[in-house]
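Per chain, numbering begins at 1; letters A, B, ... match sequence-line order. Since we're looking at a predicted model, the values are computed, not measured.
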Amino acid sequence: MKVKDRLRRLTGERIETPGSPPDKEVITELRKKIQAILERSPVGSTPKDARYTGGSVRLEQVITGEEVRTPQGMFFFSRTVFTDTTYHGIMRIGDFPRIGMDSLGILAKNPVISLHEPCHALFLDTETTGLSGGTGTFPFLVGLGWFEGDHFITCQLFARDFSEEKALLSFLQELSSDKKFLVTFNGKAYDLPLLASRYILNRLEDPFLGKEHLDLLHPCRRLLGHRLENTRLATLESSILGLNRRGDIPGFEIPQRYFDWLRRRDGRLMEDVFEHNRIDVISMAAITKHLSDLLDGSLATQSVPGVDLFCVARLHLERGNTDASRSLLEGLLCSPDTGVAKQARETLSLLHKKAGRWNEAVVIWEKMLEDDVLDIFASVELAKWCEHRVSDYDRAIQLVSRVLEQHPFLSEELQWSLEYRLRRLLRRTLRKHPTEGS
DNA sequence: CTCACGCAGATGTATCCGTT
DNA sequence: AACGGATACATCTGCGTGAG
């Protein structure tokens, strides 16, 4: 500023030169505009967020919890006890801890888990500033859950700003140290890689590295996904747990809520997020209980769809539990769901075939042909048995040619392979009886 | 005895889908 | 949007068996 201008300002003279600093009125005007912007509803929020106007409310006033001070710094901590008589949808909290650990080992494809106890499980779910992954995503809320007797405890660790991360992470190390295994929903691909990068960034040891881990997403997809529109946690809650969240904040709104909190420090902004996170953690425990019951056979048979049981049978088969698989499949042979009954017959017959129990396999194939004389699977399997085990070429030819002649829908590939089989059988029968057929 | 073939298990690859 | 686990499907490999 020139000396002449300073003198003018001191004497109260207005300076109107373009590009020069604004005077007091302009600044006041700008301040008003900024304030108005700051008081606007958060971006992407619903109309009900009008309740967040009119001064801010401290976090402690809306969320039961307290500030925790550690040598690493501070963060906010909330603990809730869900007693055994509480219901989560149709599920009673008090039943949760009675989980079959053998089943969990099978679900996690990790037999070590079955050596632990339900009270050794740590349920974990994080809320973050986005999905973009990498080091740019900040896990501001870590929800944890575990069993204490017949009760379920949830603990929530909240970083009120970025500076509280280190204290939160080191407290998480402490909390998880006496838990033997981890249960998450999509945690293998989402929560754990994210936390791993935060531990590295904060030069702390990752407490979850190498810890046993059951990720519920994949067992849910496998055992329940066949009859559901998708296997998102919310869908599983409504269809399996009978729980419908009212007024729940959608996941995509959570990052914006946290950014609003950072600006306004209004505890009411975080209320829904804490609630959402707490329900996620309890739902994980409820789903773990449901899956373990499904595998144990402790659910009322009439309430379980046949297709779920068939999926369990296939899981047992893949894990080498042939006895468990066999008895489930036998129970499904006459399932009212005809599709399930057919699949059960096919799978069980192959199980018998593999074990060398040919008689039992043949009984199933014959039964399938009794119900549908053009059944392709049974026709081909019986033809293989006739050709390779009992050298009954005539019967094999009859089975294959009947499908070829009468089946209304044969893919080009299937037709080709059936014709190939038939030609080979005809060659063989000609060699066996050279005088016939010429 | 050797060769060719059918079958089943092993290995490799593409696609899907859930997380905030 | 980025990521990665699981599944489904395709291709490869090795074994057993029958024909010549």
Side-chain angles (χ1 to χ4, degrees), chain A residues 44 107-110 124-143 159 183-198 213-226 228-237 248-261 270 272-274 276-277 279-281 283-284 287 311 314-315 317-320 349-356 358 361 380-381 383-391 393 396 400 411 413 417-418 420-425 427-432 434:
Chain A
L107 290 169
K109 216 194 272 191
N110 180 359
L124 179 144
D125 181 51
T126 60
E127 307 304 325
T128 73
T129 55
L131 277 184
S132 34
T135 44
T137 305
F138 180 68
F140 62 84
L141 180 65
V142 179
V183 183
T184 63
F185 194 83
N186 198 27
K188 277 187 181 171
Y190 188 72
D191 305 78
L192 286 207
L194 177 66
L195 285 171
S197 71
R198 303 314 300 185
H213 184 184
L214 166 63
D215 187 338
L216 295 167
L217 169 65
H218 305 290
C220 284
R221 258 191 204 156
R222 199 166 170 170
L223 301 180
L224 308 166
H226 300 268
L228 302 177
E229 148 190 38
N230 60 56
T231 47
R232 290 202 266 268
L233 190 56
T235 307
L236 293 162
E237 277 174 355
D248 183 47
I249 179 172
F252 65 86
E253 277 186 21
I254 290 173
Q256 188 57 51
R257 274 296 176 87
Y258 186 63
F259 294 131
D260 291 340
W261 152 266
M270 294 314 297
D272 293 344
V273 181
F274 272 73
H276 171 93
N277 177 256
I279 295 176
D280 276 358
V281 173
S283 288
M284 282 195 282
I287 284 167
C311 292
R314 273 208 319 204
L315 181 71
L317 199 58
E318 198 190 292
R319 301 282 198 269
S349 71
L350 293 177
L351 189 60
H352 286 318
K353 177 182 167 183
K354 195 175 164 187
W358 289 96
V380 170
E381 286 304 323
K384 282 181 193 172
W385 176 71
C386 288
E387 179 184 353
H388 298 293
R389 304 296 307 182
V390 292
S391 300
Y393 300 143
V400 175
S411 70
E413 203 185 344
S417 81
L418 288 170
Y420 189 84
R421 188 176 295 281
L422 184 61
R423 278 199 296 274
R424 187 180 65 241
L425 284 161
R427 276 203 306 274
R428 285 196 167 195
T429 192
L430 276 177
R431 281 194 210 101
K432 206 173 171 187

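- Looking only at distances, a side-chain donor or acceptor of A:N277 sits under 3.5 Å from a matching main-chain atom of A:D125.
- Under the 3.5 Å distance criterion, with hydrogens and angles disregarded, no donor-acceptor pair is assigned to the side chains of A:N186 and A:D215.
- Using a 4.0 Å heavy-atom cutoff across all strands shown, A:Y420 reaches sugar-phosphate atoms only and no base atom.
- In this model, the phosphate group of B:dG9 is approached by a side-chain N or O of A:K354 to a distance below 4.0 Å at OP1 or OP2.
- Counting any heavy atom pair closer than 4.0 Å across all strands shown, A:D215 reaches no nucleic acid atom.
- Contact annotation for A:T129: no contact, since no heavy-atom pair falls under 4.0 Å across all strands.
- Side chain of A:T231, nearest nucleotide from B:dC17, B:dT19, B:dT20: B:dC17.
- One atom, CD of A:E229, and another, C1' of B:dG18, lie 14 Å apart when rounded to the nearest Å.
- Without hydrogens or angle criteria, A:T235 side chain to A:T231 main chain gives no donor-acceptor distance under 3.5 Å.
- At the phosphate of B:dG18, neither OP1 nor OP2 sits under 4.0 Å from any side-chain N or O atom of A:K188.
- Of the side-chain N and O atoms in A:R424, none sit less than 4.0 angstrom from OP1 or OP2 of B:dC5.
- Within the nucleic acid shown, A:R221 comes within 4.0 Å of at least one base atom, counting heavy atoms only.
- The separation between A:H218 atom NE2 and C:dA8 atom C1' is 15 Å, rounded to whole Å.
- Look at CG on A:L233: it is 10 Å from C1' on B:dG18, rounded to the nearest Å.
- Straight-line distance from the NE2 atom of A:H213 to the C1' atom of B:dT19: 12 Å, rounded to whole Å.
- Comparing B:dA8, B:dT20, B:dC5 by their closest approach to the side chain of A:K384 singles out B:dA8.
- At the heavy-atom level, A:K109 lies nowhere under 4.0 Å from the strands shown.
- A:T128 and A:Y190 share a side-chain donor-acceptor pair at under 3.5 Å.
- In this structure, A:L425 places its CG atom 15 Å from P of B:dC5, rounding to the nearest Å.
- Side-chain proximity of A:R314 to the nucleotides B:dT20, C:dA8, B:dC7 is greatest for C:dA8.
- Distances were taken from every side-chain heavy atom of A:Y393 (C-beta onward) to each of C:dA19, B:dC17, C:dA8; the shortest belongs to C:dA19.
- At the heavy-atom level, A:N277 lies nowhere under 4.0 Å from the strands shown.
- Using a 4.0 Å heavy-atom criterion, one finds that A:D125 contacts the sugar-phosphate atoms exclusively.
- At least one side-chain nitrogen or oxygen of A:H388 sits closer than 4.0 Å to the OP1 or OP2 atom of B:dC7.
- One interatomic measurement links the two molecules: CZ of A:F185 to P of C:dG5, which rounds to 16 Å at whole-angstrom precision.
- Under the 4.0 Å criterion applied to side-chain N and carboxylate O atoms, A:R424 and A:E387 are assigned as salt-bridge partners.
- Listed nucleotides C:dT7, B:dT19, B:dG18 differ in distance to A:L217; the shortest reach to its side chain belongs to B:dG18.
- Between the CZ atom of A:R198 and the C1' atom of B:dT20 there is a distance of 14 Å, rounded to whole Å.
- Of the candidate nucleotides B:dC7, C:dA1, C:dG4, C:dA1 has the atom lying nearest to any side-chain atom of A:L131.
- Rounded to an integer number of Å, the gap from A:E381 CD to B:dG6 C1' is 12 Å.
- Side-chain contact, A:T184 with A:D191: no donor N or O sits under 3.5 Å from an acceptor N or O.
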